[in-house]
Structures are given as structure tokens and as C-alpha cells.
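In what follows, chains are A, B, ... by sequence order, proteins preceding strands, each numbered from 1. This one's a predicted model, so the numbers in the text were calculated from it and none came from an experiment.
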Number of protein chains: 2
Amino acid sequence: MKFAKIPMATINRLSIYMRTLQEMLEEDVEVISSERLAKQCGVNPAQIRKDLAYFGEFGVRGVGYRVNDLVVQIKDILGLNRPWNLAMIGVGNLGSALLRHGNFTKHGYIFTAAFDVDPKKVGKRLPNGITVNHVDELEEKIKEKEVLIGLITTPAGEAQGIANQLVLAGINGILNFAPVQIQVPDCCHVENVDFTIKLDSIAYHLSVGS
Amino acid sequence: MKFAKIPMATINRLSIYMRTLQEMLEEDVEVISSERLAKQCGVNPAQIRKDLAYFGEFGVRGVGYRVNDLVVQIKDILGLNRPWNLAMIGVGNLGSALLRHGNFTKHGYIFTAAFDVDPKKVGKRLPNGITVNHVDELEEKIKEKEVLIGLITTPAGEAQGIANQLVLAGINGILNFAPVQIQVPDCCHVENVDFTIKLDSIAYHLSVGS
DNA sequence: TGTTTGATGTGAATTATCTCACATGTTTGT
DNA sequence: ACAAACATGTGAGATAATTCACATCAAACA
């Protein structure tokens, strides 16, 4: 292990390794080689070893990696050894589907607040027990509920304004589902999810025929 | 322009450029420089010019790019100058939210089929006019409705099986929302959407404090 | 205890991607 | 018609990421 700048791609792959390893745990696999994990994840074995080498030595030479240990180590690396409170801003089709989506909870992400501007939605109690607040209460509730990451599922036009409010409320992680590029100060980390961009990529590949 | 292998990253950026340009069109911007577009998209100006240079010369020196023309050109490059029929497999929370999500239609992607195994859902008519079919009819309906890309929103356990069926039905583009790595032959192009991986990335950045 | 087998960890080579810097071509203004 | 201003297109250089190849260590077994 050495001290170096970690490639962004490495971080994303660590998540993928972790998920694959967790599946394997459920199938009672105790030890795994980089070769087998690589095949499962669709990457090069050396890639996995390099990725892990940024953070330490987690394997046993001649043997492989203990699956359970490696999951714990990766969680440590990513900061997932504790819960992360989320807020959903925008309780429309997508927002409410995500609020009900079990996959977040499974990985330690907990919705503790939800916001909308629609009077018909404000005050409604959601299946997970939280109540929809008006966006006017954003800052107050975000601090009260100790939210650390905001998910934006508003229409495109509202997204930037919401992002500004989130930053003012002290949030510095945003997952943006709105189809616009939002601008934030450096202290805030934004990740975008745009399904149609992925579709464009598929369309391209089908068009050029590879 | 020269003949070269196109970086995957370039293709993804082209989508982003296109969306930004489309926004600008709505604000009646007619001509734009790589510098301004770059700032809006959060990339380097030279990057944009290089990306476009893979495919031709679309700008006017000393002037910039005609917004409308460039949108058309990028659509041509990506193969978006025609509609793409989609099928949704899995009409749960996420699936039905996406089926109602206007953003697909806006970019020329049209759902022409939807599938589920739940008898309560099969036969139901969706807001966009299509009827939910049973997964048993997958191959037949996919051919009938001329579907080219499949979206998987089933539970993780079912995803691989569905992917296999899609490939058998002649599909070679899949957008996978299930949180598993699915394996397909080379003829098929898979893109994965996993929100929790993006969250992991945010969590990492907040943890290490950058 | 020595040897063989197996899989990690990592420096070096390779490949891919991004950025710079400037020549090139357009337009505007005098 | 000429010069100044401007922004593209691109070769060359810099940077980053991936893969190779092998030294290194652990376990199994004779």
C-alpha cells in the first residue's frame, strides 16, 4: 500500500465488489480469489488487486480473500460502517417509488425526511413512517432529522433552486435524478442519475453495431 | 476528423452536451462557443472540441456552433434520429414510476410493451395505453411490438433469467436496474443503473472529507 | 523439512484519456 | 483590402488508468 490519489473508478468498483461479495456470503462462499471475483464483476483480476492495494493488504497469498472480512474492509473504506440519513426532495412518481424501494435500507441508507410543494402531498404519511414536509421547511427539518445526503427528484426546472437550498441547509452530498446539470460549490459532492443517458449509450452501440 | 476508436466517455458526454444544447434552444440561444458549453457541462472546452472532432467538423471557426445544427448532428451520431421501442420487465414500484416518467418519451424512447409475473398486474392497462403482459409471452410480444431495448426492474433474483430470455428474444440492448451484475453474450450491450452505488460514492467523499 | 502449487501485491509497460497551445479559418470594423 | 478579434480543430505533450509479469509469501504434501 502506498499513499496516492484514488481513482474515482476505483471507488465505484469497490461498491460493485462489495455487492458481489455480499451475494457470495449468502451462498456460504468463505474465500474467493481475485480471478473468480473478477469474472463475476466483469473486470480484470489485477484491477481488483490494484484497487484494494490503494487501501491496504486484505488478502492471503496463495489463498485469496476471506469474503466476510473483505466486505467489512470495503465498508470501512467507503464509510459505510454507519447509517446515512437521506432526504427525498420531490415526492412524485419517481420519488415515491424510490422511497418504497427496499434497496436503500438494505445498504444502510435511511430516509428520514421527504419534501414536496404540492399541498395534496404535504402532511401525508409515507409507508416507511415519515411525513412529507413542505419545501419551505427544508432547512429546519434537515437539521432536525440529521440528514446528510439529499436526493432530488423534482422537475428539471426546480432542481437548481433545491440544490441551492440544500447547500444552505448544510448538505454536502446530492444525488440528482433531475435531467439537468446542477451547479454547487466545491464543498458539495453531486452525483447524477440520468437513465436516458444510459439509453443513449445503448442506442449508439446498437446503431454502430458493435 | 480521423478514424479512431471512440472513447466510451465521449459517447456519454455527447448525451450531456445534447441535453444542455436542447435547454439552450428553449432559451433561444442560436450559437454557442465550446467555452460556454463547457462551463455549463462542467468539462474542459478542448474536451468538447475533441469529442466532436471524432465525428466531423461541426463548428465555425471564430464563431462557435449553431445550437440547433449541433443537436441534430449529435442525434445522428448517437442514432437518435429515429424512435426506439422499449419494453419494461417488472411493473413494481420502480417499473411503473419509470413507465409514467415523461423523460423517456421526450427523448424518443417509447414503451411499447411491459411484463410482469403477478396475476394482479397482468392484463392491466397502463396510463400510456399499453397492457401488461405475462413474462411467458415475452418473446412473442417483443417481436410483435418491435422492441429493441429491454429495461429490467425485477427483483435481483429474477434479473439474470429475464436477461437470458431477452437475449433469446433477439434483444441486444438492456438497461438493468436490478442490483446484480448480469451476464450476457457479446452481441448484447448492458448498462447498469444502481442508485446505491452512486450513494456509496457520495458517502465515500463525505467520509474522507474532500 | 523441502518442494510444489497457488494466489496475492506491485513495479514496469502499456493503453487510454485529457489538456495545452497554436495554426487555421471567419467575421467584424476601419 | 487589411487588420484585429475570436473560436475552432488538432498535433504534441502530459496525465491517468489498466494490464502484464513476476517476485513474494502461505499452505499442502511428500
Side-chain angles (χ1 to χ4, degrees), chain A residues 1-17 20-21 24 29-71 73-74 77 201 204-205 210, chain B residues 1-17 20-21 24 29-74 77 201 204 210:
Chain A
M1 177 194 183
K2 54 185 179 190
F3 190 64
K5 215 176 92 268
I6 317 292
M8 195 56 220
T10 291
I11 299 301
N12 287 315
R13 280 191 299 265
L14 286 178
S15 294
I16 295 174
Y17 304 157
T20 305
L21 291 167
M24 296 191 154
V29 181
E30 295 201 344
V31 173
I32 193 168
S33 66
S34 61
E35 190 177 334
R36 206 147 87 74
L37 180 58
K39 185 175 283 177
Q40 191 72 24
C41 298
V43 300
N44 183 296
Q47 180 81 81
I48 294 186
R49 300 200 295 273
K50 229 332 91 105
D51 284 339
L52 294 172
Y54 283 115
F55 302 98
E57 302 194 4
F58 305 117
V60 182
R61 295 180 191 212
V63 180
Y65 301 89
R66 295 200 57 79
V67 178
N68 192 49
D69 291 1
L70 192 50
V71 169
Q73 305 276 19
I74 294 180
I77 292 167
S201 162
Y204 170 77
H205 283 279
S210 72
Chain B
M1 177 197 181
K2 55 186 180 190
F3 190 65
K5 214 176 93 265
I6 316 294
M8 195 56 220
T10 290
I11 299 301
N12 287 314
R13 279 190 301 263
L14 286 178
S15 295
I16 295 175
Y17 304 157
T20 305
L21 292 166
M24 295 192 156
V29 181
E30 295 201 344
V31 173
I32 192 168
S33 66
S34 61
E35 190 176 335
R36 206 146 86 75
L37 181 57
K39 186 177 282 178
Q40 191 71 25
C41 298
V43 301
N44 183 297
Q47 180 82 79
I48 293 186
R49 300 199 296 273
K50 253 286 139 75
D51 283 340
L52 294 171
Y54 284 116
F55 301 98
E57 302 194 4
F58 305 118
V60 182
R61 296 180 189 210
V63 179
Y65 302 89
R66 296 200 56 78
V67 178
N68 193 48
D69 290 2
L70 192 50
V71 169
V72 172
Q73 305 276 20
I74 295 180
I77 293 167
S201 162
Y204 170 76
S210 71

Next item on the list: Please state how far atom OH in Tyr65(A) lies from atom P in dG6(C), giving the value in whole angstrom units.
Entry: 18 Å
Notebook entry, point to check: For the pair made of CD in Glu35(A) and C1' in dG9(C), what is the distance, rounded to whole Å?
Noted result: 16 Å
Next item on the list: Mind checking side-chain contact (heavy atoms from CB on, under 4.5 Å) for Arg49(A) and listing every partner two or more places apart, or none if nothing turns up?
Entry: Ser34(A), Pro45(A), Ala46(A), Tyr65(A)
Checklist line | Residues forming a side-chain contact (heavy atoms from CB on, under 4.5 Å) with Thr20(B), sequence neighbours excluded | finding: Ile16(B), Met24(B), Leu37(B), Gln40(B), Cys41(B)
Check: CZ of Phe58(A) versus C1' of dA7(C): gap in Å, rounded?
Finding: 17 Å
Check: In whole Å, what is the span from the CZ atom of Arg66(B) to the C1' atom of dT27(C)?
Finding: 14 Å
Check: Roughly, in whole Å, what's the span from CG in Asn12(A) to C1' in dA17(D)?
Finding: 14 Å
Notebook entry, point to check: More than 12 foreign heavy atoms under 6.0 Å from CD of Glu35(B): is that the case here?
Noted result: no
Please tabulate the protein-to-nucleotide N/O contacts below 3.5 Å involving nucleotides 25-30 of chain D, giving atom names and distances.
from, atom 1, to, atom 2, distance (Å)
dA26(D), O4', Arg61(A), O, 3.1

Note to self: Base contacts versus sugar-phosphate-only contacts with protein, heavy atoms under 4.0 Å: please encode nucleotides 16-21 of chain C as B, S and - from 5' to 3'.
What the structure shows: SSSBBB
Next item on the list: Give the minimum heavy-atom separation between Val67(B) and Val29(B), together with the two atoms involved.
Entry: CG2-O, 3.5 Å
Notebook entry, point to check: Given side chains that start at C-beta, do those of Val31(B) and Val60(B) come closer than 4.5 Å, heavy atoms only?
Noted result: no
Note to self: Less than 4.0 angstrom between a side-chain N/O of Ser34(A) and OP1 or OP2 of dT8(C), yes or no?
What the structure shows: yes
Next item on the list: State which residues pass side-chain contact (heavy atoms from CB on, under 4.5 Å) with Val72(B); sequence neighbours excluded, sorted by chain then number.
Entry: none
Note to self: dA7(C), OP1 or OP2 - any side-chain N/O from Ser33(A) closer than 4.0 Å?
What the structure shows: no
Notebook entry, point to check: What residues, two or more places apart in sequence or in another chain, satisfy side-chain contact (heavy atoms from CB on, under 4.5 Å) together with Asn12(B)?
Noted result: Ile197(A), Ser201(A), Met8(B)
Notebook entry, point to check: For the side chain to side chain contact (heavy atoms under 4.5 Å, CB included) test, which of Val43(A), Leu70(A), Val71(A) pairs with Tyr17(A)?
Noted result: Val43(A)
Note to self: Which heavy atom of Phe58(A) sits nearest to which heavy atom of Leu52(A), and what is that distance?
What the structure shows: CE1-O, 3.5 Å
Margin query: How many whole angstroms separate atom CZ of Phe55(B) from atom C1' of dG9(D)?
Written below: 15 Å
